[in-house]
> 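Mind looking over this structure? Questions follow.
Chain identifiers are assigned alphabetically (A, B, ...) following the order of the sequence lines, protein sequences preceding nucleic acid strands; residue numbering begins at 1 within each chain. All values below come from the heavy atoms of this structure, side chains included, with hydrogens, waters and symmetry mates left out.
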Amino acid sequence: MGRMEKSFDAAEAEPRILEKWDAANAFAAGANAKPGAAPFCIMIPPPNVTGSLHMGHAFNNTLQDILVRWHRMRGFDTLWQPGTDHAGIATQMVTEREMAANGEPTRQEMGREAFLDRVWQQKVKSRGTIIGQLKRLGASCDWSREAFTMGGAKGDPEAGTGPNFHDAVIRVFVEMYNKGYIYRGKRLVNWDPHFETAISDLEVEQVEVDGKMWRLRYTLDGGETYAHPIEFDEEGNPTDWETRDYLTVATTRPETMLGDTGVAVHPEDRRYAHLIGKTVTLPICGRSIPIVADDYADPDKGTGAVKITPAHDFNDWEVGQRTGLRAINVMTTRAAMALRDNPDFAEGCPAEMLGRAIERYDGLDRYEARDAIITEARDNGWLDGIDEDRHMVPHGDRSKVAIEPYLTDQWFVDAEKIVGPALDAVRKGMAAHEAGAFDETAGYTRILPERDAKTYYHWLENIEPWCISRQLWWGHQIPVWFDQEGNEFCAPDEAEAIEIAKAFYAKKDPDQEIEVKVQNLGEQSLSPDEAGRKVEALATVESGWVADREHGIPGTLYVELRRDPDVLDTWFSSGLWPIGTLGWPEDTPELDRYFPTSTLITGFDIIFFWVARMMMMQLAVVGETPFHTVYVHALVRDEKGKKMSKSLGNVLDPLELIEDYGADAVRFTLASMAAMGRDLKLSTSRIAGYRNFGTKIWNAARFAEMNECKPVPGFDPAGVTQTVNRWIVGEIARARVAHDAALDAYRFNDAANGLYATVWGKVCDWYLEFAKPLFASGDAAVITETRATMAWVIDQCLILLHPVMPFVTEELWGQIAARDTLLVHADWPTYGEDLIDPEADREMTWVIGLIEEIRSVRAQMHVPAGLKVPLLQAELDDRGQAAWDRNEAMILRLARVVAVERVDALPKGAVTIAVEGAVFGLPIADIIDVAEEKARLEKVLGKLAKELGGLRGRLNNPKFVESAPEDVVEETRENLAAREEEEAKIKDALARLAEIG
RNA sequence: GGGUGAUUAGCUCAGUGGUAGAGCGCUUCGUUCACAUCGAAGAUGUCAGAAGUUCGAAUCUUCUAUCACCCA
């Protein structure tokens, strides 16, 4: 008897199987590729290097692994490229947190260089975590090619072990700079006062908060007054007015008033029209500011007059640009008031008031300043009132603090210039996809599901400049050097920057001796407001003529270069993931072979962050779209549909689930729920269900082993003769075709559920049961054929299931027989529906139907499960007879009936079993309850009547026969005939019942 | 406010014009030599509502309601 265990011990086996794959180098690029195979390449969305695996990763990587294993088994030249992301802010944050916990010196105390060394240590320590977890999930990446988005950057202790990603990033910056796609400018950006860096608008979350709307009175200059309506009639027309010598402005952010440079009213607002061009005096600092006309002021909102602070509000900035108002920055990088030594602020303020304002407000945090200003307004009578107001406040997605619109010098990608090809590529790809003529090699890209293409279009069509500089230390430092004049020299490295600077000055003055040196200001981080001023300060030094402090040789032009201290947005580097991981800018064989890559699988939340930018950047840099298909999946939620979050405590840890149920069950669950574009609600009962499925397969294989079913070399599924065997071969073929079609269409749920239905519902429920009487038949030929067929069937199940459930299938593959290859490299079948034998199909459908009918009647009539009942045969057509003859043993066994007796008519009290072309009966009059049997039959008749009504209704409608397709009409007719036959049999049965009842 | 999507069995969801399905749960029965992580049988639906197109609508169109997400 069997050597096999009763079930699969995932916890024991899975690590062992991982080692087997590893030892065989099974996931290496090109492993199992057929000669001349087409490439198939997936880039992993790089997880944060300090992160750990959450459900979203598990889902994302399961889908990738299914595609990758499927292609590898089909003999494609397959590469799944792994790696991690340096994740600027997140990693810097994690490291600083750990440093604080350990009592290490702060980042500022240790300085930039030492801090970077510290982060590298953290990276080396952390990276194993998530990589190990991906392996545990079964991800079949080529781990020897692991990449890092900062690989090869200065200080990388593992430089040389992976692609030099840093070189690629710097190279791209330089190229894009030289093409004019990147520029530096003073702009209002989203400033995170916690991390003291600019962030892109995508990294901003709008949070609705309960706040207030404060109304403040700004006094009109020069004794000016106007009539403000205070009473209205029923139609809203003013009926009474009061004379005011002030304008009331409404604001949610009173602390910014110190930076106000104007008040805007709508040009057509009759209340204020004559005031346009006049001025008001700003309380506290006494600055006189103009009243300007601008559409931005909404007459119906608040008072219709709005204070304008161009340096601290995006809308106000626009108004300022249109109406010529200057911008006054009144805050520090930590969002405290910066009034002292602030010439912009001082300008136009009377000295006495300025001194008081500085005294009272300088250095206050923005929220303290708000309270203090409101107190002063109340005390001094210019607080007009306070309204409760619920409004959206932008927050940093990492820091969770309110972001501050802030005026600084930053680097931008002029996205508008590179967006065109990225839009074109997807428009063409989607058009081809919708036309059913998608060609993977045509150089365009489709996004699935189609809905997400719309999201992509919408964002790209309204693209804004992308702020790519970050005031962090951890990241790719911007490769631009400034001289004293503020000239920019962009180059891949310092030496080249020096050369460019030399050439620049030589052109200006060919006879001049020139010496260029790089003066690194070391660890000092330039916060932008400082940066702005410092560059200006340096620029005021007499152009370039800086005395060389060491040599002091007269007549030489000394140029000092200083590198921009800022680093690049992490997404700038991950935008190059496809080419960077393959070795670009080197002309590597991998780049040649695998780029453009095939499919990208990613979450909908990073379509903008990552997908769109990869499209733009790859097209801008190498002129090709990075992948032909983007499959966008949704979110994994908890079983109640809530987003999983640590604060809610509803997080399911994929690793715990793997421990409890095995990786296969977790993977199968995720795949089976991956309906395109739908969030999936995950519950452990579902996972347990698929763990049971693994056990089911295990036991099917165990059954095969116990019956000595060994794979027969050269077995030809088309050559089997037994109906049952011909039938199951056809079922397997059908499953293989449906499975490939599902995966081809990225319908992972159909793929997984289809296999589930075939393996459990056909192979285990029926084929194994049918095989039992065959094995007991004593017919050597039948037994031999059935053993070979069953071994083949089990093998096919393992092969087809392997991409979804790699562990248990690999284990069984090894246990069943000695093989030439591991299952991971087994050949994927190509047989098609020609293996389906329609006759066998029809016959087994009939047999199954008969067995089910007998079982159903038995259960409903309360025939004891263990009791074997005689079966009477009243009618049987030729086809039925043949089917009976071939399958008698199976029917008797599975329906638990004995000794078939032919009768001309069913005796009174026999229960009727009507199937196509046959009437059987169970003589169980003494067991059954006549009333119950009558009720059963009448219920069946009721169902039939409903169906018959529908069918006849359709066929009696001449328009249906006329306009419906012929096969539909034919099918309806056949259906009607069959139902009528059934109805007649049931009526007979009822009549007989009436005789005894 | 704009956009996108959803609403189908108790729950979670499939279902792209031919008359409704799966898994889980539930009820009853069952320890026959693969499997109790199992087997057999069973119940449950105005496919959110209304109107339209069509021979025929869960499916296409319009409107309404509720919910979710994205962008302001």
> Once rounded to the nearest 0.5 Å, what's the spacing between atom CG of A:Asp9 and atom CH2 of A:Trp698?
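CH2 of A:Trp698 is found 9.0 Å from CG of A:Asp9.
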> Any side-chain N or O of A:Lys868 under 4.0 Å from OP1/OP2 of B:U32?
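It does not, given that no N or O in the side chain of A:Lys868 lies less than 4.0 Å from OP1 or OP2 of B:U32.
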> Can you tell me how far P of B:C70 sits from CD of A:Glu461, to the nearest Å?
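These atoms are roughly 21 Å apart.
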> May I have the distance from A:Leu951 (atom CG) to B:U19 (atom P), rounded to whole angstrom?
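Atom-to-atom, A:Leu951 to B:U19, this comes out as 9 Å.
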> Checking all strands, does A:Arg858 fall into the base, sugar-phosphate, or nothing category for heavy-atom contacts under 4.0 angstrom?
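Answer is nothing: A:Arg858 stays at 4.0 Å or more from every strand.
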> Once you round to the nearest 0.5 Å, how far does CD1 of A:Ile924 lie from CG of A:Leu867?
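If I round to the nearest 0.5 Å, the distance is 9.0 Å.
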> Under 3.5 Å, which protein N or O atoms sit close to an N or O of nucleotides 24-30 of chain B? Give each pair with its distance.
none

> Give one of base, sugar-phosphate or nothing for A:Lys6, where a contact means two heavy atoms less than 4.0 Å apart.
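Sugar-phosphate only.
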> For B:U7 and B:A14, measure between their C1' atoms and round to the nearest Å.
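My reading of the C1' atoms in B:U7 and B:A14 gives 15 Å.
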> Distance check needed: B:C13 C1' versus A:Asn753 CG, whole Å only.
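Nearest whole value for this atom pair: 10 Å.
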> So A:Tyr746 and A:Phe748, would you call those rings parallel, tilted or perpendicular, with 30° and 60° as cut-offs?
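Rings of A:Tyr746 and A:Phe748: perpendicular, as their planes differ by over 60°.
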> To the nearest Å, give me how far apart CZ (A:Phe609) and P (B:C70) are.
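Roughly 12 Å, once rounded to whole Å.
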> Any carboxylate oxygen within less than 4.0 angstrom of a Lys/Arg side-chain nitrogen, looking at A:Lys943 and A:Glu982?
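Looking at A:Glu982 together with A:Lys943, the answer is no, because their closest N to O distance does not fall below 4.0 Å.
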> Measuring only the P atom in each nucleotide, how far is B:C24 from B:U37? A whole number of Å is fine.
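Here B:C24 and B:U37 have their P atoms 14 Å from each other.
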> Just the rounded figure in Å: distance from P of B:U53 to NZ of A:Lys959.
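Distance, rounded to whole Å: 12 Å.
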> Is a side-chain N or O of A:Asn699 found less than 3.5 angstrom from the main chain of A:Thr695, in a donor-acceptor match?
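Yes, A:Asn699 side chain to A:Thr695 backbone: donor-acceptor pair under 3.5 Å.
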> Check the orientation of A:Tyr756 and A:Phe693. Use parallel for under 30°, tilted for 30 to 60°, and perpendicular for over 60°.
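Answer is tilted, since the angle falls between 30° and 60°.
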> If you measure from the P atom in B:A9 to the same atom in B:U62, how many Å do you get, rounded?
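Looking at atom P only, B:A9 and B:U62 are 25 Å apart.
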> Has A:Arg686 got a side-chain atom pairing as donor or acceptor with A:Thr669's backbone, closer than 3.5 angstrom?
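No, A:Arg686 side chain to A:Thr669 backbone: no donor-acceptor pair under 3.5 Å.
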> To the nearest angstrom, how far is A:Leu774 atom CG from B:C33 atom P?
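Roughly 19 Å, once rounded to whole Å.
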> Nearest 0.5 Å please: distance from the CG atom of A:Asp664 over to the CG atom of A:Leu801.
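So the gap between those two atoms works out to 9.5 Å.
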> Report all interatomic pairs (protein N or O, nucleotide N or O of nucleotides 40-44 of chain B) with separations under 3.5 Å.
unit_1: B:A41; atom_1: O3'; unit_2: A:Ser856; atom_2: OG; d: 3.4
unit_1: B:G42; atom_1: OP1; unit_2: A:Ser856; atom_2: OG; d: 2.9
unit_1: B:A43; atom_1: OP1; unit_2: A:Lys939; atom_2: NZ; d: 2.8

> Just to be sure I understand the rule, does A:Glu769 reach a base, reach only the sugar-phosphate, or reach nothing, if contact means heavy atoms closer than 4.0 Å?
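Base contact.
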> Please measure how far the C1' atom in B:C11 lies from the corresponding atom in B:C26, and state the result in whole Å.
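It comes out at 11 Å once rounded to the nearest Å.
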> Quote, to the nearest angstrom, the C1' distance that separates B:U66 from B:G49.
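That atom pair is separated by 11 Å.
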> Measure from CD1 on A:Ile687 to C1' on B:G23 and round the result to the nearest Å.
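In whole Å, B:G23 C1' and A:Ile687 CD1 are 14 Å from each other.
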> Flag the pair A:Glu461 and A:Arg427 as a salt bridge only when some basic side-chain nitrogen lies within less than 4.0 angstrom of an acidic carboxylate oxygen.
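Counted as a salt bridge, because a side-chain N and a carboxylate O are separated by less than 4.0 Å.
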> By the 4.0 Å heavy-atom rule, please label A:Asn957 as base, sugar-phosphate, or nothing.
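It contacts sugar-phosphate atoms only.
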> Taking A:Arg858 for the side chain and A:Pro864 for the main chain, is one N or O donor matched with an acceptor at less than 3.5 Å?
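It does hold such a pair.
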> Taking a pair as Watson-Crick or G-U wobble with both distances under 3.5 Å, which nucleotide is matched to B:C47?
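Result: none.
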> Would you mind reading off the distance between A:Tyr767 atom OH and B:G39 atom C1', rounded to a whole angstrom?
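For the pair A:Tyr767 OH and B:G39 C1', the rounded distance is 20 Å.
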> Should the side chain of A:Arg451 and the base of B:U4 be counted as holding a donor-acceptor pair, with the cut-off at 3.5 Å?
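A donor-acceptor contact between them is absent.
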> Atom CD1 of A:Ile816 and atom CD of A:Glu705: how far apart are they, to the nearest 0.5 Å?
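Separation between the atoms: 8.5 Å.
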> Between the side chains of A:Glu769 and A:Lys772, is the shortest nitrogen-to-carboxylate-oxygen separation below 4.0 Å, so that they form an ion pair?
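Counted as a salt bridge, because a side-chain N and a carboxylate O are separated by less than 4.0 Å.
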> Please measure how far the P atom in B:G42 lies from the corresponding atom in B:G21, and state the result in whole Å.
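Those two atoms are separated by 14 Å.
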> Are OP1 or OP2 of B:C70 and a side-chain N or O of A:Lys454 less than 4.0 angstrom apart?
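No, because none of the side-chain N or O atoms of A:Lys454 sits under 4.0 Å from OP1 or OP2 of B:C70.
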> Look at the side chain of A:Lys696 against the base of B:C35 and say whether a donor-acceptor pair falls under 3.5 Å; ignore hydrogens and angles.
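Result: at least one qualifying N/O pair found.
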> Suppose you measure atom P in B:C69 against the same atom in B:G45; what distance do you get, rounded to whole Å?
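Rounded to whole Å, the distance is 32 Å.
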> What interatomic distance, in whole Å, is found between C1' of B:C47 and the corresponding atom of B:C13?
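After rounding to an integer number of Å, I get 13 Å for this pair.
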> Mapping A:Asn975 and A:Glu450 to their closest nucleotides on RNA chain B, which lands nearer the 5' end?
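Of the two residues, A:Glu450 wins.
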> Should A:Glu962 and A:Lys959 count as an ion pair when the cut-off is N to O under 4.0 Å?
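Salt bridge flag = no for A:Lys959 with A:Glu962.
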> From the options B:U12, B:U37, B:C35, select the nucleotide whose nearest atom is closest to the side chain of A:Ser7.
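Out of B:U12, B:U37, B:C35, the nucleotide with an atom closest to A:Ser7's side chain is B:U37.
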> Could you tell me which nucleotide pairs with B:C38 by Watson-Crick or G-U wobble geometry, both distances under 3.5 Å, or answer none if nothing does?
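Its partner is B:G30.
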> Has the side chain of A:His633 got a donor or acceptor atom that lies under 3.5 Å from a matching backbone atom of A:Tyr631?
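Side chain of A:His633 to backbone of A:Tyr631: no pair is present.
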> Is there any protein nitrogen or oxygen under 3.5 Å from a nitrogen or oxygen in nucleotides 58-60 of chain B, and what are the pairs?
none

> Should the side chain of A:Arg954 and the base of B:U19 be counted as holding a donor-acceptor pair, with the cut-off at 3.5 Å?
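Indeed there is one.
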> Starting at the 5' end of RNA chain B, which residue's closest nucleotide do you reach first, A:Phe604 or A:Asn692?
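Per heavy-atom nearest nucleotide, the more 5' residue is A:Asn692.
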> Which nucleotide, if any, forms a Watson-Crick or G-U wobble pair with B:U4, using both distances under 3.5 Å?
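With both distances under 3.5 Å, B:U4 matches B:A68.
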